[in-house]
Amino acid sequence: MPPLTPAERDAFLDAPGVLMRIATVDADGDPHVAPIWFLHEEGRLWFTPRAMSDWLAHIRAHPRISCAIDETVPPARKLVVEGEAEIVHDLGADDVWRDLYRRIAERYIPPAAAAAYIGNTIDQPRALCALPLASARIRSWRIPMGDEPRSGIWHRRYYAAGSKYGDEAAAAAE
């Protein structure tokens with residue numbers, strides 16, 4: 001599958017309504033995944049756990065996280081980001097970054113609804129976290145489009161030798 005170019009990656013991360021699934025590890029070493037809202041700005045993925053979010057406690061103890069961002073419709077872009085989350089503003093500093101929180105909410109719901117949502121939940125403290133992309137491991141892919149070879153639907157290592165796409169992928173690699 002072709003990787004996303006940097007421009008394609010940024011356009012995908014900026015597309016409204018796309019959820020991020022954040023994976024953390026709890027105190028027992030068990031995995032935890034949560035679908036969350038996020039914002040891509042300044043080379044970072046920004047997200048806002050509430051005070052009682054399990055995954056905020058996980059980040060405090062083990063800041064290494066993995067995030068999956070994907071879509072199901074063509075071009076079926078997919079992105080996996082692994083790195084160290086930063087708690088940029090801890091609980092109680094919400095007023096400092098309220099505009100960023102508003103921009104996050106407006107990616108998912110209309111502005112009037114976002115304002116109401118923020119107004120109705122303003123008394124629920126949140127932290128502001130970021131995952132810097134420059135220091136993260138990023139893998140991306142999408143389905144082949146246009147004249148791109150159909151054998152590119154998977155990475156060539158997944159095709160069995162002698163299969164239709166296996167032979168095409170091998171020939172394309174030569």
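The figures here come from the full heavy-atom set of this structure, side chains too, leaving out hydrogens, waters and symmetry mates.
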Would you check if the side chain of [X] reaches a backbone N or O of [Y] as a donor-acceptor pair within less than 3.5 Å?
X: Asp30; Y: Asp26; answer: no
X: Thr5; Y: Glu8; answer: yes
X: Arg142; Y: Pro75; answer: no

How far does [atom1] of [X] sit from [atom2] of [Y], to the nearest 0.5 angstrom?
X: Ile143; Y: Lys78; atom1: CD1; atom2: NZ; answer: 8.5 Å
X: Ile104; Y: Trp97; atom1: CD1; atom2: CH2; answer: 6.5 Å
X: Ile36; Y: Trp55; atom1: CD1; atom2: CH2; answer: 4.0 Å
X: Glu86; Y: Ile59; atom1: CD; atom2: CD1; answer: 11.0 Å
X: Arg98; Y: Thr48; atom1: CZ; atom2: OG1; answer: 10.5 Å
X: Glu106; Y: Arg102; atom1: CD; atom2: CZ; answer: 7.0 Å

Notebook entry, point to check: Relative to each other, are the rings of Tyr117 and Trp37 parallel, tilted or perpendicular (30° and 60° limits)?
Noted result: tilted
Item checked: Heavy-atom closest contact (Phe38 atom, His40 atom, distance) -> CD1-N, 4.2 Å
Check: For the residue pair Pro125 and Gly92, what are the closest heavy atoms and their distance?
Finding: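 Looks like CB-N, 4.4 Å.
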Notebook entry, point to check: Any ion pair linking Arg77 and Glu71 (charged N to carboxylate O, less than 4.0 Å)?
Noted result: yes
Item checked: Pair Asp70 + Arg21, salt bridge at N-O below 4.0 Å ->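 Salt bridge flag = yes for Arg21 with Asp70.
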Check: Ile87 and Arg60: side chain to side chain contact (heavy atoms under 4.5 Å, CB included), yes or no, with the steps?
Finding: CA-CA 8 Å; Ile87 299 175; Arg60 287 187 195 287; 3.8 Å; yes
Check: Applying the side-chain contact (heavy atoms from CB on, under 4.5 Å) test to Cys67, which of Ile138, Leu79, Leu131 qualifies?
Finding: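 With Cys67 as partner, Ile138, Leu79, Leu131 yield a single side-chain contact (heavy atoms from CB on, under 4.5 Å), made by Leu131.
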Same hydrophobic cluster for [X] and [Y], using side-chain heavy-atom links shorter than 4.5 Å among ILVMFWY?
X: Leu4; Y: Val81; result: yes
X: Val25; Y: Met20; result: no
X: Val96; Y: Val88; result: yes

Next item on the list: State which residues pass salt bridge (charged side-chain N to carboxylate O under 4.0 Å, His left out) with Arg50; sequence neighbours excluded, sorted by chain then number.
Entry: none
Notebook entry, point to check: Asp90 and Arg126: salt bridge (charged side-chain N to carboxylate O under 4.0 Å, His left out), yes or no, with the steps?
Noted result: CA-CA 7 Å; Asp90 213 333; Arg126 294 177 176 270; over 6 Å; no
Next item on the list: Check step by step if side chain to side chain contact (heavy atoms under 4.5 Å, CB included) holds for Leu91 and Leu56.
Entry: CA-CA 10 Å; Leu91 301 171; Leu56 177 56; 4.1 Å; yes
Are the side chains of [Y] and [X] in contact, using a 4.5 Å heavy-atom criterion?
X: Ile69; Y: Phe12; answer: yes
X: Leu39; Y: Leu100; answer: yes
X: Ser140; Y: Arg9; answer: no

Next item on the list: With sequence neighbours left out, write down each residue that passes side chain to side chain contact (heavy atoms under 4.5 Å, CB included) with Ala115, or none if nothing qualifies.
Entry: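 Applying side chain to side chain contact (heavy atoms under 4.5 Å, CB included) to Ala115 gives none.
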Margin query: Please enumerate all residues that pass side chain to side chain contact (heavy atoms under 4.5 Å, CB included) together with Glu82, with sequence neighbours excluded.
Written below: Ser66, Val80, Arg137, Arg139
Item checked: Trace of the side chain to side chain contact (heavy atoms under 4.5 Å, CB included) decision for Phe47 with Ile22 -> CA-CA 10 Å; Phe47 46 97; Ile22 185 171; 3.7 Å; yes
Next item on the list: Give the intermediate values and the outcome of side chain to side chain contact (heavy atoms under 4.5 Å, CB included) for residues Tyr101 and Leu128.
Entry: CA-CA 9 Å; Tyr101 182 46; Leu128 175 65; over 6 Å; no
